[in-house]
Amino acid sequence: MRKIEFFDTSLRDGEQTPGVSFSISEKVTIAKQLEKWGISVIEAGFPAASPDSFEAVKQIADSLNDTAVTALARCVISDIDKAVEAVKGAKYPQIHVFIATSPIHMKYKLKISPEEVLKNIDKCVRYARERVEVVEFSPEDATRTELNFLLEAVQTAVDAGATYINIPDTVGYTTPEEYGKIFKFLIENIKSEREIIFSPHCHDDLGMAVANSLAAIKAGAGRVEGTVNGIGERAGNAALEEIAVALHIRKDFYQAQSPLKLSETAATAELISQFSGIAIPKNKAIVGANAFAHESGIHQDGVLKNAETYEIITPELVGIKHNSLPLGKLSGRHAFSEKLTELNIAYDDESLAILFEKFKKLADKKKEITDADVHALFTGETVKNLAGFILDNVQIDGHKALVQLKNQEEEIYVSQGEGSGSVDAIFKAIDKVFNHQLKLISYSVDAVTDGIDAQATTLVSVENLSTGTIFNAKGVDYDVLKGSAIAYMNANVLVQKENLQGKVEQISAHDGI
C-alpha cells in the first residue's frame, strides 16, 4: 500500500487567512505539534515576505528533528536566497519555488510571455537545486492553465532538477474528475530518469478541496498539501485531518495511507484553533464538537446497540478520549502532570508551576476539570504573553471599567473607560493605553466545555485603520470579562507590532499558490 507524504502549509498558506497572525513562538509550538502528528514536511513560511517570516522559518528549521522544513519562494533569485538561508539549519531542508502559468495570470499579473515564464522556471529551479537537494515546483493557477503548456512548464522544472511537482488549484476552480485527469496526463507524459512525486494543493472555493485532493491521490499523487482545520485564504485549503482519516477509513478504495499519528489529530486541531482565533465549527468533519454526537432517537438506539451503525470513525481514533479520569480541586501536582502527559502537552518545571497554579484557581470555580479545560489552560497561557503584555487586573463598576496591564519590564499601565456596557468599557480603557486607530469588526464568546461553569474563549477581530490590516486575537478564561480584556489587549499588541515596524510588504497575501 502506498504511503502518501503529508505537506502542511498551515504556517504559510494558513496564515494568509484574513485576521490570522501567528507569533514566532506560536509558529514554533505549532511546528513541534505537527512533527508529533507525523507531518512529512512543513512549509514554515515565505522568508522574503518580512523579517518576522524569515526568523520564524529559521527557528522552526533549527527546532525539528524528524520533519522536513521547506520555505516558499517566487521564481525570483533574491527570494530563493532568502529561503535557502532560512532553512539551512534544518535536518531535511527543502525549497518550494512557484510561478503562475495560466493565461490570465501571465497576462495581467506577471505581464510576461509564456516563453519568459519557461525561462524563469528553468533558471530559478536550477538555481535552487544547486543549493538544496530537494526542490518542489508549483505552476500557480495550474487548473486554469492550458494542458499542453502545463506539461511544458512541468517538464522544464523536472529537467532543471525539481523532484516534487505540485499542481495547485489556486482558486478552487476544478472538480475531482477534471483534477484526476490532469494528474494522470502529467504522470503519463513527464519524462524523467528519476522518480518525480506529484502533489495536489487545493483551495475550497467550491467546497471540493478535500474531494479534489483525494482524486489526485487516486490518480497517482504521492504527496498531498493542505492545512489543519482547512484554514487559508478565502474559503480555505484542503483540511489535512479529513484527508488522513478518509485514507484510513477507505483504504480499500484508495489503496494508500497517511504517515499521521491519528490520535494526535484532535490536539493538533485544537492548537491551531486557539492560536488562529478561529473556532472549529461544531459540524466540522473529524474534529467538530458534533462529529460523534447523535441527536436522532433512531441513531441513538442504533449506536447503543452497535456503534458501527452510525459511526464510521471512533472518537478514540482521532484522540478524543471519552473515558479519561477527570481532575478536581483535590487533585495534586502529580495527577495534573500525568494529565498533561496523557494529553501530549509539553511542559517544563517552570511552565508546570504556572499551569498548576491556574489549574487550582480554576478548580475552585469548577467541580470537575475536563480534558478540554486543561487544553484551554495550556493554550490560554501560551498565548497570553503574546508580546510581553499581561492583564494584571480588571475591575467593573456598572458601565465603568478599570484595567491594569503590565509589560515585560514590569511597568504598570492603569486606565479607566466608560461605555455602553461592561465589555465596551473594558475595550475603551484598553484603547487609552495603546492609543491606536483601530476598529472592532467582530466579538464573540464560545464555551470551551459544557455547563454553566465552562471556560470561555473570547475572539475579537480588529482592523488597523492606519494600514487596513485585520487581526484576530483571543483570550481564554473562566471569567468572560477577563477573557474579553485579554483578547482585546492581544489585538492591540498585534496592531502595535505592525505600526512599530512600519508598513511591511505583504507578499504572501497576494502571491501565494
Side-chain angles (χ1 to χ4, degrees), residues 7 9 13 72-77 79-80 95-129 135-203 205-206 208-209 212-213 215-225 233 237-238 507 510-513:
F7 176 115
T9 185
D13 209 338
L72 187 68
R74 295 170 297 180
C75 265
V76 176
I77 296 300
D79 274 23
I80 296 169
I95 298 296
H96 181 189
V97 179
F98 76 97
I99 192 170
T101 54
S102 67
I104 191 169
H105 275 246
M106 289 189 292
K107 181 177 179 180
Y108 293 104
K109 189 181 79 170
L110 299 179
K111 297 181 179 179
I112 60 176
S113 68
E115 292 72 26
E116 289 174 293
V117 167
L118 294 176
K119 286 179 182 178
N120 273 335
I121 293 171
D122 180 72
K123 179 181 73 173
C124 291
V125 171
R126 203 172 292 279
Y127 184 83
R129 180 62 184 82
V135 176
E136 176 177 271
F137 170 71
S138 292
E140 185 183 9
D141 205 20
T143 54
R144 293 193 297 173
T145 298
E146 288 182 330
L147 206 52
N148 287 334
F149 183 67
L150 181 62
L151 176 62
E152 195 174 358
V154 170
Q155 187 66 61
T156 301
V158 168
D159 292 344
T163 302
Y164 290 89
I165 298 296
N166 173 45
I167 305 300
D169 185 27
T170 303
V171 294
Y173 175 77
T174 197
T175 67
E177 184 178 5
E178 291 173 325
Y179 203 45
K181 286 180 178 178
I182 292 174
F183 276 82
K184 285 181 180 176
F185 174 77
L186 292 173
I187 291 170
E188 289 172 0
N189 289 282
I190 287 297
K191 296 176 174 59
S192 176
E193 293 182 356
R194 67 186 189 285
E195 182 186 16
I196 303 300
I197 299 173
F198 290 82
S199 69
H201 177 114
C202 297
H203 284 262
D205 298 71
L206 295 178
M208 293 189 282
N212 287 336
S213 299
I217 291 171
K218 184 69 174 174
R223 172 189 270 186
V224 63
E225 304 190 6
E233 285 192 275
N237 289 260
I507 298 174
H510 305 290
D511 290 321
I513 59 166

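In this text, all values refer to a predicted model and were calculated from it rather than measured experimentally.
Between I99 and F137 there is a side-chain heavy-atom pair separated by less than 4.5 Å. The closest side-chain heavy-atom distance from D141 to F98 is not below 4.5 Å. The closest side-chain heavy-atom distance from H201 to E136 is not below 4.5 Å. Counting only heavy atoms from C-beta outward, the side chains of T143 and T170 never approach each other to under 4.5 Å. Side-chain contact check for F7 versus S199: every heavy-atom pair is 4.5 Å or farther apart. Considering only heavy atoms from C-beta on, I165 stays 4.5 Å or farther from I190 through its side chain. M208 places none of its side-chain heavy atoms less than 4.5 Å from the side chain of C202. Taking 4.5 Å as the limit, some side-chain heavy atom of F149 sits within range of a side-chain heavy atom of L118.
Checked by atom type, the side-chain pair D122/T156 shows no donor-acceptor distance below 3.5 Å. Inspection of the N148 and E152 side chains reveals no N or O donor paired with an N or O acceptor under 3.5 Å. For the residue pair T101 and T145, a side-chain donor N or O sits within less than 3.5 Å of a side-chain acceptor on the partner.
Closest of all the heavy-atom pairs between V97 and C75 is CG1-SG, 3.4 Å. Heavy atoms only, all atoms of each residue included: L150 and P139 are closest at CD1-CG, 3.6 Å. In this structure, F183 and A216 approach most closely via the heavy-atom pair CE1-CB, 3.6 Å. The heavy-atom pair separating I167 from A142 by the smallest distance is CG2-CB, 3.6 Å. Listed here is the closest heavy atom pair of A128 and I95: CB-CG2, 4.3 Å. Nearest heavy atom pair, residue A219 against residue I187, reads O-CD1, 3.5 Å.
For the atom pair CD of Q155 and CG of L186, the computed distance is 10.0 Å after rounding to the nearest 0.5 Å. In this structure, E116 CD and K123 NZ are separated by 10.5 Å, a value rounded to the nearest 0.5 Å. Interatomic distance, D159 CG to I121 CD1, rounded to the nearest 0.5 Å: 11.0 Å. How far CG of L206 is from OG1 of T174: 9.5 Å, rounded to the nearest 0.5 Å. Atom CD1 of I77 is separated from atom CG of N120 by 8.5 Å, given to the nearest 0.5 angstrom. Here the NZ-OG distance, from K119 to S113, works out to 7.5 Å after rounding to the nearest 0.5 Å.
Of the possible polar contacts, none joining the R129 side chain to the T163 backbone as a donor-acceptor pair under 3.5 Å is found. At least one donor-acceptor pair under 3.5 Å links the side chain of T9 to the backbone N or O of D13. With S138 contributing its side chain and E140 its backbone, the two residues share no donor-acceptor pair below 3.5 Å.
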Starting from the C-alpha separation in whole Å, work towards a yes-or-no answer on side-chain contact (heavy atoms from CB on, under 4.5 Å) for L147 and L151.
CA-CA 6 Å; L147 206 52; L151 176 62; over 6 Å; no
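Within a 6.0 Å radius of OH in Y173, other residues, nucleotides and ligands contribute 12 heavy atoms or fewer. Within a 6.0 Å radius of CD1 in I104, no more than 12 heavy atoms belonging to other residues, nucleotides or ligands are found.
Salt bridge E177/K181: present, at least one basic N to carboxylate O contact under 4.0 Å.
Shown are R144, H203, E233; of these, the side-chain contact (heavy atoms from CB on, under 4.5 Å) with V171 is made only by R144.
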